[in-house]
Trainee: 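Have a look at this one.
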Amino acid sequence: MSVKALPIHAYFEGKIVPYTEARVGVATHAFNYGTAVFGGLRGYWNEAKQKLFLFRPQEHYQRFLNSAKLMAMEFGLTTEELTRITFDLLQADGYRRDVYVRPLAYKADEGIGVRLHDLVDELTIFALPFDKYVANDTNAHVTVSSWRRVDDNSIPGRGKISGAYASSALAKTDANRAGFDEALLLTQDGHVAEGSAMNIFMLRDGVLYTPPVTDNILEGITRRSIIEIARQDFGLPVVERSIDRSEVFLCDEFFMTGTAAQVLAVTRVDFRPIGSGEMGPVTSKLRHFYNEVVHGNVEKYAHWAVEVPLAEPVRP
Ligand code: PMP
């Protein structure tokens, strides 16, 4: 579950360098105050095709730029340029396996003073080998966390702002230490928002429900993809509305979505079985279909799985 390998290279201060050269000082603003934003993309290795596919890079980088905008950062880079830098990085790394790509934009000044303005913005991107994020992703047991999801009026959750992840980390660790696989975080007014790093879906009487983007959720790319697939390919009605905690106890199926978590089947919440207590047929089919899409095996969604041009890797 935990990732042990270090990145080989990083895009750092405008160029691709060996990872060991991508270093910041301890006084760096973002390190002290959480004034950074990040993204998270997956690259999927297709063994049969001998190709690496990056999942929806344009959408991920659009959200990344939106997150940066929330934190008053400006790079003058387009989503196309960020995608091209990522290709160069993956080309240099040369992974022929599944990877996770982490773009990070941060307030780079070294010194004291809480603010967003009049600070230097820097950008780094690195990639790591990556497999499963949550070990038990076919029958996860989750708990409703006593920690609340960050509110739009404290730290906007629709962007991936580094400082907000202290809240996710509190929820995740308490859940894991209590023996659960994941946490469910409620909004300040008590609706189910999402997991520590994944959006949520509930199937009830043939309708798929997911919280709206106004319920303090991250605007998830996997969420958006699953909504489209559910509607278009599974003929499932999808309704975006607030979800009560007790509805989760009564639903037929429940799953979580995220770049890292993919489609994670939840079969128990706070010791109550969801539906039959086993992964349901809709979750199972969506998992399978999503897996084919991200590996570039579904013609209709070929534009989501963008092939990374690969040649011989560069070794530092
Ligand atoms: N919520 C949070 C808090 C997350 O960190 C993530 C992971 N990026 C998600 C939801 C899922 O978003 P995505 O599908 O874009 O990875």
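Everything numeric here is computed off the predicted structure, so don't read it as measured data.
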Trainee: Check whether the side chains of E228 and S225 place a donor and an acceptor atom closer than 3.5 Å, and report yes or no.
Mentor: no
Trainee: Is it true that a side-chain atom of N46 and a backbone atom of H295 form a donor plus acceptor pair closer than 3.5 Å?
Mentor: yes
Trainee: Can you find a side-chain donor-acceptor pair between T86 and Y61 that sits under 3.5 Å?
Mentor: yes
Trainee: Under 6.0 Å from the CZ atom of F31, do we count more than 12 heavy atoms belonging to anything else shown?
Mentor: no
Trainee: Which of parallel (below 30°), tilted (30 to 60°) and perpendicular (above 60°) describes F75 and F64?
Mentor: parallel
Trainee: Looking at Y19, is R23 sitting on its ring face, NZ or CZ under 6.0 Å from the six-membered ring centre and within 45 degrees of the normal?
Mentor: yes
Trainee: Using the rule side-chain hydrogen bond (donor to acceptor under 3.5 Å, both in side chains), only one of D189, T187, D151 pairs with N216; which is it?
Mentor: D151
Trainee: Evaluate the side-chain proximity of D137 to R287: yes if any heavy-atom separation is below 4.5 Å, no if none is.
Mentor: yes
Trainee: Taking the side chain from R272 and the backbone from D270, do they hold a donor-acceptor pair closer than 3.5 Å?
Mentor: yes
Trainee: Indicate whether any N or O donor in one side chain lies under 3.5 Å from an N or O acceptor in the other, for Q262 and T222.
Mentor: no
Trainee: Could you report the tightest heavy-atom contact between L70 and L116, atom names first, then the distance?
Mentor: O-CD1, 4.4 Å
Trainee: Report the residue from K160, R224, R158, R63 that forms a salt bridge (Lys or Arg N to Asp or Glu O under 4.0 Å) with E219.
Mentor: R158
Trainee: Would you say that K132 contacts D98 through its side chain, given a criterion of any heavy-atom pair below 4.5 Å between the two side chains?
Mentor: no
Trainee: For the residue pair F130 and Y100, does the interplanar ring angle fall in the parallel (under 30°), tilted (30 to 60°) or perpendicular (over 60°) class?
Mentor: tilted
